[in-house]
Amino acid sequence: MAAALVAGLGWVWRPALGAEPPGYMVECRMDEGPWHPCVMTVQAVGERWQIDLDGLRVLFRHDGRGTVEMRRSSGPWQQVSGRWQEDHALCWDGICAKGAFPLD
């Protein structure tokens with residue numbers, strides 16, 4: 001079952017050959033900075049997703065047992081904690097996203 005955060009900016013299909021996962025147009029911010037449009041691409045709902053924001057790609061993976069890891073561009077994987085903010089944004093150690101995207 002897919003759940004969405006809040007009614008938001010919606011989603012957009014990326015044109016490609018084959019069955020490429022959809023990119024969801026959301027808003028993101030880094031380190032309490034301003035919100036910017038970004039794209040969240042979900043390869044496997046609840047397991048693997050990425051955020052593309054201003055030339056930075058942030059990859060996420062969830063092991064199914066509660067551990068989420070994040071990797072910025074080509075950096076190392078690091079364990080992160082997800083948390084909800086009052087403005088309905090979901091954040092992982094300094095990177096936040098809000099809008100409509102599937103959670104599980």
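Note that the coordinates shown come from a computational prediction; the quantities given were computed from them, not determined experimentally. These numbers come from the heavy atoms of this one structure, side chains and all, not from hydrogens, waters or symmetry mates.
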What are the two closest non-hydrogen atoms of [X] and [Y], and how far apart are they?
{"X": "K98", "Y": "V26", "value": "O-CB, 3.3 Å"}
{"X": "A97", "Y": "W92", "value": "CB-CZ3, 4.3 Å"}
{"X": "L53", "Y": "P37", "value": "CD1-O, 3.8 Å"}
{"X": "A100", "Y": "Y24", "value": "O-CD2, 3.7 Å"}
{"X": "L56", "Y": "R72", "value": "CD1-CB, 4.4 Å"}
{"X": "V39", "Y": "M25", "value": "CG2-SD, 3.5 Å"}

field: Q43 and Q50 side chains, donor-acceptor separation under 3.5 Å
entry: yes
Spacing of [atom1] belonging to [X] relative to [atom2] belonging to [Y], to within rounding of 0.5 Å:
{"X": "D63", "Y": "E69", "atom1": "CG", "atom2": "CD", "answer": "7.5 Å"}
{"X": "M40", "Y": "C28", "atom1": "CE", "atom2": "SG", "answer": "6.0 Å"}
{"X": "D93", "Y": "M30", "atom1": "CG", "atom2": "CE", "answer": "12.0 Å"}
{"X": "R29", "Y": "C38", "atom1": "CZ", "atom2": "SG", "answer": "12.0 Å"}

Quick one: does [X]'s side chain get under 4.5 Å of [Y]'s, heavy atoms only?
{"X": "V58", "Y": "M70", "answer": "yes"}
{"X": "F101", "Y": "I51", "answer": "no"}
{"X": "Q85", "Y": "C96", "answer": "yes"}
{"X": "Q79", "Y": "T67", "answer": "yes"}

field: Cation-pi geometry met for R61 and W77 (6.0 Å, 45°)
entry: yes
message: Using only atom types and a distance under 3.5 Å, with no angle test, would you say the side chain of D31 pairs donor to acceptor with the backbone of G33?
response: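 Pair absent, no side-chain N/O of D31 close to backbone of G33.
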message: Would the distance check show the side chain of D52 and the main-chain N or O of G55 forming a donor-acceptor pair, the cut-off being under 3.5 Å?
response: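 Between the backbone of G55 and the side chain of D52 there is no qualifying donor-acceptor contact (under 3.5 Å).
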CA sep, side-chain torsions, deciding dist, call: T41, W49, side-chain contact (heavy atoms from CB on, under 4.5 Å): CA-CA 6 Å; T41 304; W49 64 97; over 6 Å; no
